[in-house]
Amino acid sequence: MPRPRLRQSLRRLWALDKFSTSLRVFIALAGALALCGWQGWTHALIPLFLGIIASALTETDDSWQGRLGAVLVTLACFSAAAYAVEFLFPYPWLFVIALALSAFCLTLLGALGERFATLGSGTLILAVYSMIGVEQRGGVAGLWLEPLLLVAGAAWYGLLSVVWHGLFAHQPVQQSLARLFRELGKYLKLKAALFEPVRQLDVEQRRLELAQQNGRVVSALNAAKEIILHRVGNGRPGPKVNRYLKLYFLAQDIHERASSSHYPYNELAEAFFHSDVLFRCQRLLRLHGEACQRLGSAIELRQPFEYRELCSQALEDLHASLDHLHLQSNPAWRRLLRSLGALAGNLATLDQLLSNASNPDALADEQDNSLLDREPHSLREVIERIGQQLTPTSLLFRHALRLAIALAAGYGLLHLIHPTQGYWILLTTLFVCQPNYGATRLKLVQRITGTLLGLGLGWALFDLFPDPRIQALFAVVAGVAFFATRSTRYTLATAAITLLVLFCFNQIGNGYGLFLPRLVDTLLGGLIAGLAVFLILPDWQGRRLGRMLASTLSCNSAYLRQIIAQYAHGKRDDLGYRLARRNAHNADAALSTTLGNMLMEPGHFRRDADLGFRFLVLSHTLLSYLSGLGAHRGEQLPQAAQAQLLEQAEALASSLEQIASGLRGEQPLAIHSDEEQALAQSLEQIADDTDERQRLVQTQLALICRQLAPLRTLAAHLGKESGRRREP
């Protein structure tokens, strides 16, 4: 028994997404430490360690060929940055101009995609590491050895990264898909909470939680898509990648089914309070959520996934409960029973999708399995994308300008007061200065807290373990801890990197002399970053809330038009439809993120937060009705009703665009629309003998139409509030 348990524990450890990065960092740091100890190169330890850390910070997922190309580009950028610091260091005015310009240009690389943004950030970090090295030499610049050691450390980690991605090419895909299905499982469980058979249930609060979780699902979908895209490239995917691609498309289908709605929850709870039908729906959704999470674990641990019969039994129980309600022939329930019937059909399809996950290789290939690659593929595209950001209205431009000015101000401050270890001010500013106030404020608090924690722990460990060899081992452990926690627990990560710095510098001097400078520099660098975000073209979330809401409605309108086209010409999961669906969910997730950031801003700038959250609930409800319409797009409408229904759907899409235009300030927005009210009443008039396919589409369109009036009211109210304080 102990051996299988040990094997299972090791398998779970290997499946952790941070384990592989942490292991690579450990091998790199331990290798550098062993080499320096063997050769007696004590002074080479710090630049080698800093080069390894900078290289690891710029690592992004790719195939081994792509990773090799990225490493070569990274080393070229690192070399240019390190030697530029060496040559310009004796000339302060030239140095500060080059520092500001490079910070601005490297930050603008984010316009080309996440990989380029990471490269730009890592190059800036290595440049500051080079400044710290020159300062350690007493300001003596022009030496070739230290930049070479920094780049050598980066190359050593880059080599490990390329080899690792060659040996374990599919591990990141498995981890991303596992995370995706876990987030889908949480979403389904939150959706099940809406079916609580309780009168006067706070549906709005539960919808808000659902919208926020939807943002996490969308983030996981986007991450999985990018990772799979790096494996597919321009060629035909291999058998393993094709299997993962099918699981990704399966997750997309599950998401559309899970996010769809066919029913008003409070009405269902009131009508069927004494029945077990809502409990049956809730139980089945929870089982589906658990199945998604078990599927995630199976992918992560590379084990077979078995879909339990428990879900099938729960589905049969739901149908039995519905049959019992139909036998009672209550006229007041007729409309709601049809909604429950549509729900049961949707849950049955969801059940089938999850059972297909047991053997994804047997799934049919998508009619169009292409994925949209958003990265530039020519110099012209690069120039166009960067050119589009060269305007003060661009959020990336603002961040680049703030960072450039903040680093220049930090450089000026350290020359003004001549602090010991002053270049740590620049490093703190670089890490703390984020694209918006809320994120900067959070990072500032975490950075200061982590620094205090690291200094306190370092003081204790210095006294307990005075042997430099043991302290060097602690430095390696601290470096691994930094990478294991930097994306989830930044306070602990800051404490770990502080320990690494203390232990490394104690190898060549008095580490105790770093305690006060490290604390003072952290406070000064954090202050500069905070003032920069607050004063230089501040990006207050509330001021662009109207544009965010408009973008959300425009994306929903485009999604509705794609659904209409599917009903008109037949179901096809092509790139255009999947892109419209993804854009709608991305806009919903972006709105949720914006509102979360808005809550961390000063009180004056978050006065519209309540309106924003109410709008988020309405827009996510609208998206759920659209998803319900999209989930049934494979059903052919009766020829006699098709033209009218498609025309009514187009009118709804136009209304959504009209509200979006009003939010953007392009045209006046009426609070009430007689045409939309009449359309809603017309859609709700459904004869008893109406075809079930027509009834379902007409019901969904009616639900969508009823969302327009509250959307108009909130949009008009927001327009009046924002009219008093226009964004500069």
Among I227, N222, L221, exactly one meets side-chain contact (heavy atoms from CB on, under 4.5 Å) together with S176. Which residue is that? I227
Minimum heavy-atom distance [X]-[Y], with the two atoms named:
X: A220; Y: L180; answer: CB-CA, 3.8 Å
X: A224; Y: Y248; answer: CB-CD1, 4.1 Å
X: V617; Y: T621; answer: O-OG1, 2.7 Å

Those residues that, when tested against Q681, pass side-chain contact (heavy atoms from CB on, under 4.5 Å) (two or more places apart): Q677, R706
Is there side-chain contact between [X] and [Y], with heavy atoms separated by less than 4.5 Å?
X: L560; Y: I564; result: yes
X: R712; Y: E676; result: yes
X: L545; Y: L549; result: yes
X: V173; Y: V241; result: no
X: F195; Y: F279; result: no
X: R294; Y: F181; result: no
X: Q213; Y: K191; result: no

Is the backbone of [Y] close enough, under 3.5 Å, to the side chain of [X] for a donor and an acceptor to pair up by distance?
X: Q700; Y: Y625; answer: yes
X: Y567; Y: L629; answer: yes
X: Q698; Y: L683; answer: yes

Assess whether salt bridge (Lys or Arg N to Asp or Glu O under 4.0 Å) is satisfied between E300 and R179, documenting all intermediate values. CA-CA 9 Å; E300 194 171 52; R179 177 185 167 230; over 6 Å; no
Can we say E657 and R664 salt-bridge, meaning some charged N sits less than 4.0 Å from an Asp/Glu carboxylate O? yes
Between S259 and S627, do the side chains contain an N or O donor and an N or O acceptor separated by less than 3.5 Å? yes
Short side-chain donor-acceptor distance under 3.5 Å, Q389 and S394: yes
Quick one: ring-ring contact (aromatic ring centres under 6.0 Å, His included) partners of H620, sequence neighbours excluded? none
Considering the options N556, N214, N583, which one meets the side-chain hydrogen bond (donor to acceptor under 3.5 Å, both in side chains) requirement together with D588? N214
Could you check whether the rings of Y187 and H255 sit parallel, tilted or perpendicular, using 30° and 60° as the cut-offs? perpendicular
More than 12 non-hydrogen atoms from neighbouring residues, nucleotides or ligands closer than 6.0 Å to CD on Q644, yes or no? no
For residues 554-567, pull every pair meeting salt bridge (Lys or Arg N to Asp or Glu O under 4.0 Å), keeping only residues two or more places apart or in separate chains. R561-E650
